[in-house]
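Take a look at the structure below.
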Amino acid sequence: MADTATHAQPSSADGQTRRDFLLYATSAVGAVGTGLALWPFVHSMNPAADTLALSTTDVDISAIQPGQAITVVWRGKPVFVRHRQPEEIAQAAKDDSAADLRDKATDASRAQKPEWLVLIGVCTHLGCVPLGQKPADPKGDFGGWFCPCHGSHYDTSGRIRKGPAPANLPVPDYKFTSDTTIRIG
């Protein structure tokens with residue numbers, strides 16, 4: 001015969017507490033394990049080091065004479081850097097108030113230093129690259145850039161003046177790191 005008095009059954013409240021603890025502990029360990037297993041996959045979606053290195057571009061502007069322009073590549077897009085002449089700056093400032101601008105922007109808001117204009121060289125109509133960087137290129141009716149694909153004309157501040165483009169040539173984030181270097185991005 002078994003002695004029931006010496007082998008007491010645990011109370012149901014004690015068993016419920018132990019079961020709840022095991023459930024929560026197992027769930028927590030499973031969640032942490034799943035997170036650790038998924039981390040390499042999530043981390044692989046971050047940009048590669050070579051891509052991050054391309055997020056900024058330093059441009060030496062010391063050799064660019066007034067009236068000249070260069071094109072550099074930043075994030076796979078052409079960026080126009082133009083050393084503007086005093087006449088171009090004066091005309092752009094005059095056009096701030098006198099011209100009928102479709103996409104309102106002052107020249108001062110588009111150029112950190114009046115003599116240097118930095119623009120993303122992609123037409124805002126259909127993504128073409130406007131002409132106007134080379135001395136022999138047509139510069140359009142306003143002396144800036146001309147997109148021959150659909151006839152958009154930009155002024156010396158990169159503002160849309162004529163044609164189907166809805167907006168000005170975009171100004172990328174940039175800063176002067178010295179008197180002769182611009183960092184784009």
Side-chain angles (χ1 to χ4, degrees), residues 46-185:
N46 287 335
D50 59 341
T51 303
L52 290 174
L54 294 175
S55 66
T56 61
T57 298
D58 289 335
V59 181
D60 180 10
I61 57 173
S62 62
I64 307 171
Q65 299 302 314
Q68 289 183 325
I70 64 167
T71 303
V72 296
V73 177
W74 172 66
R75 293 186 179 173
K77 298 176 189 171
V79 174
F80 298 160
V81 179
R82 183 181 278 187
H83 193 170
R84 299 190 298 177
Q85 296 178 351
E87 310 84 57
E88 293 176 312
I89 298 167
Q91 184 62 48
K94 180 181 167 189
D95 288 343
D96 283 350
S97 59
D100 182 27
L101 300 174
R102 184 178 309 159
D103 186 7
K104 305 277 187 216
T106 64
D107 183 60
S109 70
R110 298 181 55 76
Q112 292 179 16
K113 292 184 179 181
E115 65 274 14
W116 293 103
L117 187 64
V118 181
L119 304 170
I120 296 175
V122 177
C123 181
T124 57
H125 179 233
L126 291 176
C128 308
V129 177
L131 301 175
Q133 286 294 92
K134 298 176 185 172
D137 282 352
K139 297 192 183 325
D141 295 347
F142 303 96
W145 291 267
F146 172 66
C147 186
C149 299
H150 299 98
S152 294
H153 296 254
Y154 297 91
D155 67 8
T156 59
S157 188
R159 298 175 291 201
I160 184 64
R161 299 291 296 278
K162 180 179 171 184
N168 301 331
L169 292 175
V171 177
D173 289 333
Y174 72 95
K175 65 180 176 181
F176 287 86
T177 56
S178 72
D179 289 338
T180 60
T181 307
I182 297 174
R183 174 166 292 150
I184 302 170

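Below, all heavy atoms of this structure are taken into account, side chains as well, without hydrogens, waters or symmetry copies. Along the sequence shown, residues carry numbers from 1.
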- Message: Is it the case that the side chains of T71 and Q133 hold a donor-acceptor pair, with the cut-off being a distance below 3.5 Å and no angle test?
- Response: yes
- Message: With salt bridge (charged side-chain N to carboxylate O under 4.0 Å, His left out) as the test, pick out the partner of R161 among D95, D103, D100.
- Response: D95
- Item | NZ-CG distance between K94 and D155, expressed to the nearest 0.5 angstrom | 12.5 Å
- Message: For S62, is there any backbone N or O sitting under 3.5 Å from a side-chain donor or acceptor partner on T180?
- Response: no
- Task: Test side-chain contact (heavy atoms from CB on, under 4.5 Å) on L169 and R110 and set out the steps.
- Result: CA-CA 10 Å; L169 292 175; R110 298 181 55 76; 4.3 Å; yes
- Query: Is a side-chain donor or acceptor of R82 paired with a backbone partner of E115 at a separation under 3.5 angstrom?
  - Reply: no
- Note on the structure: Rounded to the nearest 0.5 Å, the CG atom of D60 sits from the OG atom of S178 at a distance of 8.0 Å
- Taking the side chain as every heavy atom from C-beta outward, state whether I61 and T181 have any atom pair closer than 4.5 Å. no
- Task: Applying side-chain contact (heavy atoms from CB on, under 4.5 Å), run through V72 and I184 and close with a yes or a no.
- Result: CA-CA 10 Å; V72 296; I184 302 170; 4.0 Å; yes
- Item | Residue list, side-chain contact (heavy atoms from CB on, under 4.5 Å) with V73, at least two apart or on another chain | none
- Query: Short question: side chain of S109, backbone of T106 - any donor-acceptor pair under 3.5 Å?
  - Reply: yes
- Atom pair CZ (R75) and CD1 (I120), whose distance is rounded to the nearest 0.5 Å: 8.5 Å
- Query: Going by heavy atoms in the side chains, are R84 and D107 under 4.5 Å from each other?
  - Reply: yes
- When you measure from the centre of the six-membered ring of F176, is the NZ or CZ of K113 under 6.0 Å away and within 45° of the axis? yes
- Cationic N near anionic O, under 4.0 Å, D173 to R183: no
- Message: Is it the case that the side chain of Q68 and the backbone of P135 share a donor-acceptor pair, with hydrogens and angles ignored and the cut-off at 3.5 Å?
- Response: no
- Query: How close do W116 and V81 get, heavy atom to heavy atom, and via which atoms?
  - Reply: CE3-CG1, 4.1 Å
- Message: Rounded to the nearest 0.5 Å, what separates atom OG in S157 from atom CG in D96?
- Response: 7.0 Å
- Starting at NE2 of H83, measure out to CD of E88 and round the result to the nearest 0.5 Å. 10.0 Å
- Message: Check the orientation of F146 and H153. Use parallel for under 30°, tilted for 30 to 60°, and perpendicular for over 60°.
- Response: tilted
- Side chain Y154, main chain K139, donor-acceptor under 3.5 Å: no
- Can you check whether I160's main-chain N or O pairs, donor with acceptor, with N168's side chain at less than 3.5 Å? yes
- Which value, rounded to the nearest 0.5 Å, describes the distance between F142 atom CZ and R159 atom CZ? 11.0 Å
- Measure from the side-chain N and O atoms of T177 to the backbone N and O of I182, and report whether any donor-acceptor pair falls under 3.5 Å. no
